[in-house]
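Chain naming here is simple, since letters A, B, ... match the order of the sequence lines and numbering starts at 1 in each. Everything quoted here is computed from the prediction, not taken from an experiment. FYI, side chains are in, hydrogens and waters are out, and symmetry mates aren't considered; it's all heavy atoms of this structure.
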Amino acid sequence: MATRKSPEQSNASREELLHYYREMLLIRRFEEKAGQLYGMGLIGGFCHLYIGQEAVVVGLEAAAKEGDKRITSYRDHGHMLACGMDAKGVMAELTGREGGYSKGKGGSMHMFSKEKHFYGGHGIVGAQVPLGAGLAFADRYLGNDNVTFAYFGDGAANQGQVYEAYNMAKLWSLPVIFVIENNQYAMGTSVKRSTKSPSLWERGAAYGIKGEAVDGMDVLAVKAAGEKAVAACRAGQGPYILEMMTYRYRGHSMSDPAKYRTREEVQRMRDEKDAIEHVRDLLIQGNLATDDDLKAIDKDIKAVVNEAADFAKESPEPALEELWTDIYA
Amino acid sequence: MATEVLMPALSPTMEEGTLAKWLVKEGDAVKSGQIIAEIETDKATMEFEAVDEGTIGKLLIAEGTAGVKVNTPIAVLVEEGESADATPAPAAQPQGEKQPQPAEGSEGKAVDEPLVSSPGAPVPGKRDRSPDWPEGTQMKTMTVREALREAMAEEMRADKTVFLMGEEVGEYQGAYKISQGLLDEFGAKRVVDTPITEHGFAGMAVGAAFAGLRPIVEFMTFNFAMQAIDQIINSAAKTLYMSGGQMGCPIVFRGPNGAAARVGAQHSQDYAAWYAQIPGLKVVMPYSAADAKGLLKTAIRDPNPVIFLENEILYGRSFEVPVLEDFAIPFGKARIWREGSDLTIVSFGIGMTYALEAADKLAAEGISAEVIDLRTLRPIDYDTVIASVKKTNRCITVEEGWPVGSIGNHIAATIMQQAFDWLDAPVLNLTGKDVPMPYAANLEKHALVTTAEVVEAAKSVCYR
């Protein structure tokens with residue numbers, strides 16, 4: 001796993017870095033707002049925030065093209081924003097309103113967008129992995145060069161169906177990138193307490209699948225790894241495994257006792273590894289942007305997120321008739 | 001503008017908590033994401049982060065205070081140069097009249113119509129008494145096995161997105177020879193041999209259906225589909241609803257279901273009632289070869305996930321099948337196999353074997369039984385059953401599955417609700433016995449429903 005690039009080493013352009021900054025900040029501010037609305041009782045049930053992991057989806061989306069598919073677990077808000085879904089529709093789904101992506105019937109964990117090729121939003125740990133391999137199966141069957149990103153966590157990596165999917169994906173050379181978002185904790189169980197495997201991506205070797213570990217807090221490293229994996233899949237040499245070493249700052253869900261790790265550990269990650277601060281440093285220290293440039297972006301993002309929150313509060317609850325629709329096509 | 005910081009709800013059920021500790025004091029500047037307090041509930045201690053930037057103007061609740069209700073203001077955050085006494089922004093009032101409380105949902109609202117489902121669930125079919133094929137149609141004799149293969153081959157010829165996937169469906173020609181010859185005609189791309197990995201390939205097929213293909217998944221038997229039932233129910237059946245209608249799943253899960261012969265408890269189970277309970281699925285359980293063909297073609301064309309329950313013992317039975325270019329049978333249309341006047345026997349799948357044999361025996365004793373084959377269990381053709389019961393005033397049901405929560409129980413309940421005044425006897429449910437399937441030949445026979453039991457039950461509801 002390569003170390004982070006300093007401003008002098010980075011070849012990224014101003015436009016590229018500003019794009020990453022903006023996209024990652026949108027996710028972070030959106031999630032902070034979701035946490036706030038949850039605290040106010042406007043969002044119910046389970047709500048899993050993505051704060052800390054923003055570089056993973058933003059970096060991989062930078063390696064994707066139109067037509068590529070993505071599918072993930074229940075920690076899905078960041079993935080939706082990164083693939084271009086509208087913040088208003090996502091937030092309104094969190095509040096269970098008519099204006100949400102699923103008309104309020106899916107909630108935080110179950111959202112979809114056919115238009116953006118986002119296939120959920122799945123609440124059963126690991127279930128999205130064979131589903132993602134199936135999306136890739138369809139693309140191979142139809143003979144196009146689309147790639148599927150199937151995201152799952154270090155916790156899901158211990159589910160049996162993941163390895164069933166690995167086996168078939170390799171057997172049939174499916175164009176799927178298995179993205180393990182290793183944020184170190186499956187709810188409150190650290191990776192060390194759940195497996196003796198030295199690394200999760202290496203398990204792919206048992207099925208003949210190539211892969212690598214990536215600094216998931218470094219958006220440039222993520223993008224570079226993503227491009228390599230995408231190229232392999234488009235060339236018919238899929239699947240591919242990317243283990244993104246990342247970290248979530250918030251609890252597993254909103255009701256997290258925070259007893260399984262120290263506050264110092266979280267603070268150290270924020271201070272030393274934060275993906276947004278990293279890009280900010282590249283921009284400022286590389287003389288590619290000024291503080292004022294970034295403040296203007298912050299302001300824009302704040303407006304987008306506030307607009308989403310307002311929409312999510314004002315959109316009405318779904319009509320009672322909706323109880324009975326969408327059961328059968 | 002000053003913002004009130006409110007006591008947060010940190011779990012779906014939290015109503016109040018203890019403000020255990022402040023990690024900031026008045027006058028401190030805070031950044032969004034900074035941990036400002038520790039909150040304790042009966043379950044856990046949780047950290048509370050600031051959402052907005054600003055300066056702590058005032059701490060309204062002292063640390064150590066217990067029983068602080070969710071949404072109580074606990075601090076005031078001010079912007080630079082602002083006084084702590086500034087009026088909080090109205091936007092910070094979370095429980096204004098306009099905002100419904102998600103925890104209560106719609107229950108608290110006045111509703112004109114009751115939200116209970118009609119006694120109809122599983123979704124009722126419309127009564128349709130039209131013949132399944134035109135009178136005078138040429139017929140040929142065919143086994144259920146051949147009928148199923150013809151249905152798949154015809155639909156695969158018609159639609160290139162239809163493919164078959166499962167264990168031994170290709171080179172082996174099908175564990176029960178249902179897919180015989182399909183690999184030769186359609187090739188390995190469309191007749192896909194899988195490893196023994198039900199959970200995995202069921203999930204993959206569902207993913208392929210999300211992406212626009214029309215998979216037919218063959219389970220070597222439905223007993224093995226238990227490995228995959230999470231993908232069938234949580235992924236295939238629910239996604240259309242959870243996506244607000246965006247993401248459909250046109251897929252058929254098919255294979256032999258129920259007891260074969262002498263294969264013991266783990267290979268002998270009828271899943272009819274299990275799957276019939278799930279909204280979002282359609283469930284088919286044919287008896288005859290004509291129904292097997294016509295209903296499988298409908299299943300493959302259906303835009304929803306369909307559970308197609310076959311039976312190993314029926315595979316080799318022959319029936320008359322119409323010779324028609326395009327022969328499909330709609331779901332939700334029961335078939336009256338035999339008209340009668342003294343009682344109604346409702347069955348489906350292999351249960352029909354016992355029902356029809358019993359009807360012959362009963363006729364010999366002067367009892368006229370009307371025999372109805374439900375054919376599909378979701379939707380169910382209630383109208384045909386109810387109309388029959390209103391004529392005969394008596395009903396028994398026959399199935400091989402277990403007695404508790406059986407399809408027969410559901411039919412009995414529906415008759416009780418919709419035709420109570422027409423009943424001259426209680427509805428009896430003939431089912432398999434409430435035991436795991438034994439291996440010994442004599443015990444196995446006894447564990448299944450028998451024709452003799454059906455005859456006896458029919459006589460008893462006729463008080464004979």
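Between A:Q161 and B:H199 the shortest heavy-atom distance is OE1-NE2, 3.1 Å. What you find for B:M46 and A:D256 is that their closest heavy atoms are CG-O, 2.9 Å. In this structure, B:A208 and A:F137 approach most closely via the heavy-atom pair CB-CD2, 4.2 Å. Here the shortest heavy-atom pairing between B:F210 and A:H122 reads CE1-CE1, 4.2 Å.
With a threshold of 4.5 angstrom between heavy atoms, B:M7 approaches chain A through N, CA, C or O but not through any side-chain atom. Using a 4.5 Å cut-off between heavy atoms, A:I327 touches chain B through backbone and side chain atoms alike. Heavy-atom distances place the backbone of B:I278, and not its side chain, under 4.5 Å from chain A. Looking at B:V5, neither its backbone nor its side chain comes within 4.5 Å of chain A, counting heavy atoms on both sides. Residue contact with chain B, scored on non-hydrogen atoms closer than 4.5 Å, involves the side chain of A:L171 exclusively. Contacts between A:I71 and chain B at a heavy-atom distance below 4.5 Å are absent for every atom of the residue. For a residue to count as touching a neighbouring chain, one of its non-hydrogen atoms must lie under 4.5 Å from one of that chain's; by this rule A:T325 touches chain B with the backbone only. Using a 4.5 Å cut-off between heavy atoms, B:L213 contacts chain A through its side chain alone, with no backbone atom that close. For B:P195, the part sitting under 4.5 Å from any heavy atom of chain A is the side chain, from C-beta outward, and nothing else. Only the backbone of A:E322 comes within contact range of chain B, with at least one heavy atom under 4.5 Å from a heavy atom of that chain. Only the backbone of B:E198 has a heavy atom closer than 4.5 Å to any heavy atom of chain A. A:R28 does not touch chain B: none of its heavy atoms, backbone or side chain, sits under 4.5 Å away. Only the side chain of A:N167 comes within contact range of chain B, judged by heavy atoms closer than 4.5 Å.
Counting heavy-atom pairs closer than 4.5 Å to chain B, the top-ranked of the candidates A:G123, A:S113, A:G251, A:G120 is A:S113. For the set B:T41, B:D230, B:T161, B:V70, the entry with the most heavy-atom pairs within less than 4.5 Å of chain A is B:D230. Options A:K114, A:K259, A:R250 differ in how many heavy-atom pairs under 4.5 Å they form with chain B, and the most are formed by A:R250. Listed options A:K103, A:M254, A:M168 were ranked by heavy-atom pairs under 4.5 angstrom with chain B; first place goes to A:M168. Listed options A:P130, A:P316, A:A165, A:G35 were ranked by heavy-atom pairs under 4.5 angstrom with chain B; first place goes to A:P130. Your options are B:A202, B:G280, B:P303, and the one with the most heavy-atom pairs under 4.5 Å with chain A is B:G280. No other option in A:G134, A:G132, A:G104 has as many heavy-atom pairs under 4.5 Å with chain B as A:G134. When each of B:A211, B:G245, B:S243 is checked for heavy-atom pairs under 4.5 Å with chain A, B:S243 comes out on top. Contacts with chain B were tallied for A:A127, A:A258, A:S253; A:A127 has the most, counting heavy-atom pairs under 4.5 Å.
Counting non-hydrogen atoms of neighbouring residues, nucleotides and ligands closer than 6.0 angstrom, the CD atom of A:E265 exceeds 12 such neighbours. Around the CZ atom of A:F46, the shell of radius 6.0 Å holds no more than 12 heavy atoms that belong to other residues, nucleotides or ligands. Within 6.0 Å of atom NZ in B:K189, more than 12 heavy atoms from other residues, nucleotides or ligands are found, so the atom counts as buried in its surroundings.
For the pair A:D326 (side chain) and B:L240 (backbone), a donor-acceptor distance under 3.5 Å is absent.
You'll find the side chain of A:W172 reaches within 4.5 Å of the side chain of B:T194, heavy atoms only. A 4.5 Å side-chain heavy-atom check between B:M204 and A:L174 finds at least one atom pair inside the cut-off.
Between A:R263 and B:E38 a salt bridge is recorded (basic side-chain N to carboxylate O distance below 4.0 Å). With salt bridges taken as basic N to acidic carboxylate O contacts below 4.0 Å, none links B:K31 and A:E277.
Separation of atoms CZ (A:R270) and CD1 (B:I35) is listed at 6.0 Å; rounding is to 0.5 Å. To the nearest 0.5 Å, atoms CE (B:M247) and NE2 (A:H110) are separated by 13.5 Å. Taken to the nearest 0.5 Å, the CZ atom of A:F112 stands 8.5 Å off from the CD atom of B:Q246. How far NZ of B:K238 is from CD1 of A:I124: 7.0 Å, rounded to the nearest 0.5 Å. Distance check, rounded to the nearest 0.5 Å: CD of B:E53 to CG of A:D298 gives 8.0 Å. Atom CE of B:M242 is separated from atom CE of A:M109 by 9.0 Å, given to the nearest 0.5 angstrom.
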Tell me, with the steps shown, if B:Q231 and A:L131 meet side chain to side chain contact (heavy atoms under 4.5 Å, CB included).
CA-CA 9 Å; B:Q231 291 288 7; A:L131 292 171; 3.7 Å; yes
Run A:E164 and B:F201 through side chain to side chain contact (heavy atoms under 4.5 Å, CB included) and show every step you take.
CA-CA 8 Å; A:E164 298 190 26; B:F201 71 70; over 6 Å; no
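Outside the 6.0 Å centre-distance limit, the rings of A:Y328 and B:F331 are not counted as a close aromatic pair.
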